[in-house]
Amino acid sequence: MRAAAKGAGPSITPVVVRLKLSLLTNGLRQSAGRRAVYISSLVVVVLLAALQFLGLVALRGNSHAASVAVLLLAVMALGWAVMPLFFPSGDETLDPTRLVMLPLRPRPLVRALLVASLVGIGPLFTLSLLVGSVIAVARGAAAFVVALVAVPLALLVCVALARAVAAANVRLLSSRKGRDLALLSGLVIAVGAQLVNFGVQRLGSAGLGQLDPVAEVLAWVPPASAIGAVDAVSDGSYGVAVAQLALSAGTLVLAVRVWSRTLTRLMTAPDGSTLQAAEPSVARERGVGGLAGLLPGGRTGTVMERSLRYAWRDPKTKAAWVTSLAIGLIVPVFNAMQGTGSIYIACFAAGMLGIQMYNQFGQDTSAFWMVAMTISSTRDAYVELRGRALALALICLPYATLVVVVTTALLGEWAKLPEALGLSLALLGAMLASGAWASARFPYSIPQEGYKNVAPGQSGLATVAILGGMVGAALLCAPVIALTVWLNVSSGGDRWGWLLLPVGAAYGVLLTVLGLRLAAPRTARRLPEILAAVSKG
C-alpha cells in the first residue's frame, strides 16, 4: 500500500515544463531589447527551417537524398552536443545545480528535464529537419510507419545528448575556463562557416555523389542511424533497419543513464572545481615567466610581458587573438586550395592581426589607471606604446610570414613570394601605426562580462576607430601597392620584384615608428579622457 501510494504521487514533469515557460516569458519581460532579439531569432530560425524543409522535400526521388539527410542530421547532432559548451547561458535549466536544494530524485528529474528540453527554438528547427528528411527518404507505407518511431527517437537522442554533455561540464561552464570556452565560440562558428563554404563549393563542382561514401558510414552513427533505418526500409532491408533503430535507441538509453548518474553526483558531491582550477596555475605562471628572460629590459620589456600575459590570460583578449589567428590563416589557405585565390590575399593575415593594435588602452579596462599613473611625459607614453607594438610584432611577424609561405606553396607562385611578403610587412606596419593613433584618439571600453565587445553608447566610437583606422592603413600602404602594380605592369617586374621585400619591410618599420611618435604626445595629453572612456563599462 505504501509503495502504491508512493508511485501514485504527482509527476513533476508539468511543473518543470511550466518552469521552463516561466523562465522564458519572465526573461522576455525584462526589456524590449531582449524581446526584439528573441522574436527576430525566432523569425530567422522559422524561415531557415522552412527553407530547409522545402529543400529536403525537393530532393524526394533523388538518388542522393538519403546521403544528404543523413549528413545533415549528423551535423545537427554534433551541434546539439557542442553548443551547450559554448552557449551555457542560453537556457537557464541547463544548470541542474539550481535544483540541488529541492527534494527531487534523479529519474523523475531526468524525465521532466527531457520533456522540458523539447520546448524551444532548437527542437523546432531539428523537428523540421527530421520531418523533411523523412519525406525525402521514405518510400512506401512501411517506411512512413518506421518514420513515426525514427523522428521522435532521433529528436530525443539529440536533446538527451545535449543534456548529458551540459551536466557533465556544468562545473566547467560556471568557472573561468568555461567563460574562456564560451568566448571562443566565435572562432568555432567562423571556422565552421569556412568549412561549410568550402564543402558547398566542392559539391557545386563535383555533385552530391561525393556524399555517398561518408553517408554510408554516418548511417550507422546515432541519431543519423534513425534516418538510415527509414531509408533501409524503403529499400526492403528490414534487418538493417532494425539494427539502425536499435543503435539509436541504445544511444538514447546510454545518454539518459549518463545524465542521471551525473545529476546524482552533482546533487550529492561538493564542488571541487575551484581546487581543480588552482592546480595548474603554477605551471601557467612558469610558462609565461620563462618568456620574460627573452624580452628587453626596462619598461619596454615590462610592457611587452604585460601585453602577452593579457593575450594568454584575459578571456576576451585571448578570444580576439585566437579568432584573428585562425581566420587569418583559413581565408588565404582555403582560397588557395580552391585554385581561385591570389597570392596577395595572404596579406589578409597581417590585416587581421594588425587589428589587435586598435583600442590598446580599452583592452586594459578599468585597470588602465595603474598604467596611467606611470605615464608623466611624452617619452613615457612613447615607450608604453612601443612595448605594446613590439609585443604584437613578436607574434605577427612570424605568423604573417608563415601564412604567406603556405599560401605561396599551395599556389606554386614562388616568384611572387617577395612581393606578397613585402606587402604584408608594409600593411602590418601601417596597421600598427594607425592602431596606435586610434588607441589614443578613439578609446572605448570593453565589458568584462558577457559577449559584448563594446560598452553601451560607444558603438559608434568603436566603428569610427576601427573602420577609420583601416582606411588610413590602406592609404598609408598606397605607395607600396603602387610600386607593386608598376613592377608587374612594366617589363622588369620579374627581374626587380624581389625589391618589394626590403622596401616593404623598411616602409613598415618607418610607418610604425612615425605612428608611435605621433600618438605619444596625444596619449600623454589625453590621459584623463582615455581613462574615463575605457572605464565606462
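All figures in this text were calculated on a predicted structure; none of them were measured in a lab.
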Under the criterion side chain to side chain contact (heavy atoms under 4.5 Å, CB included), I'd like the reasoning laid out for I395 against Q356: C-alpha separation, chi angles, the key distance, then a yes or no.
CA-CA 11 Å; I395 300 175; Q356 303 303 318; over 6 Å; no

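- The ring pair (Phe, Tyr, Trp, His ring centres under 6.0 Å) check on Y310 picks up nothing, with sequence neighbours excluded.
- Atom CG of L500 and atom OH of Y507 lie 13.0 Å apart (nearest 0.5 Å).
- Of the inter-residue distances, the one linking L72 atom CG with Q52 atom CD reads 6.5 Å to the nearest 0.5 angstrom.
- One distance of note links CZ of R386 with CE of M304; it measures 10.5 Å at 0.5 Å rounding.
- Heavy atoms only, all atoms of each residue included: S424 and A350 are closest at O-CB, 3.5 Å.
- Two residues are said to be in side-chain contact when any heavy atoms from C-beta on lie closer than 4.5 Å; T374 and D380 fail this criterion.
- Residues L308 and L394 have side chains in contact (heavy-atom distance under 4.5 Å, counting atoms from C-beta outward).
- Side-chain contact between V303 and R299 is present, with heavy atoms from C-beta onward closer than 4.5 Å.
- Residue-environment remark: CH2 (W414) exceeds the threshold of 12 foreign heavy atoms within 6.0 Å.
- The distance from the CD atom of E413 to the OH atom of Y344 is 8.0 Å, given to the nearest 0.5 Å.
- Rounding to the nearest 0.5 angstrom, the gap separating the CG atom in L432 from the CG atom in L385 is 11.0 Å.
- A520 approaches T378 most closely through the heavy-atom pair CB-O, 3.8 Å.
- Heavy atoms only, all atoms of each residue included: I343 and L411 are closest at N-CD1, 3.5 Å.
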Begin from the C-alpha positions of T523 and E384 and carry the test side chain to side chain donor-acceptor pair (under 3.5 Å) through to its verdict.
CA-CA 10 Å; T523 301; E384 176 72 26; over 6 Å; no

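- Nearest approach of L427 to C347, heavy atoms of both residues: CD2-O, 3.4 Å.
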Show your reasoning for whether side chain to side chain contact (heavy atoms under 4.5 Å, CB included) applies to I327 and F348.
CA-CA 9 Å; I327 302 303; F348 185 79; 3.8 Å; yes

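- Of all heavy-atom pairs between T401 and L397, the closest is OG1-O, 2.8 Å.
- To the nearest 0.5 Å, the span separating OG on S307 from CD on Q360 amounts to 6.0 Å.
- Looking only at side-chain heavy atoms (C-beta outward), V45 and F125 come within less than 4.5 Å of each other.
- The shortest distance between side-chain heavy atoms of L428 and L392 does not fall below 4.5 Å.
- Using modelled atom types, no side-chain atom of S324 and backbone atom of W321 make a donor-acceptor pair closer than 3.5 Å.
- Nearest approach of P443 to N359, heavy atoms of both residues: CA-OD1, 3.7 Å.
- Around CE of M470, the count of heavy atoms belonging to other residues, nucleotides or ligands within 6.0 Å does not exceed 12.
- Screening residues 431-442 for side chain to side chain donor-acceptor pair (under 3.5 Å) gives Y358-S434 as the qualifying pairs, with residues at least two apart or on separate chains.
- Side-chain contact between V405 and L421 is absent, with no heavy atoms from C-beta onward closer than 4.5 Å.
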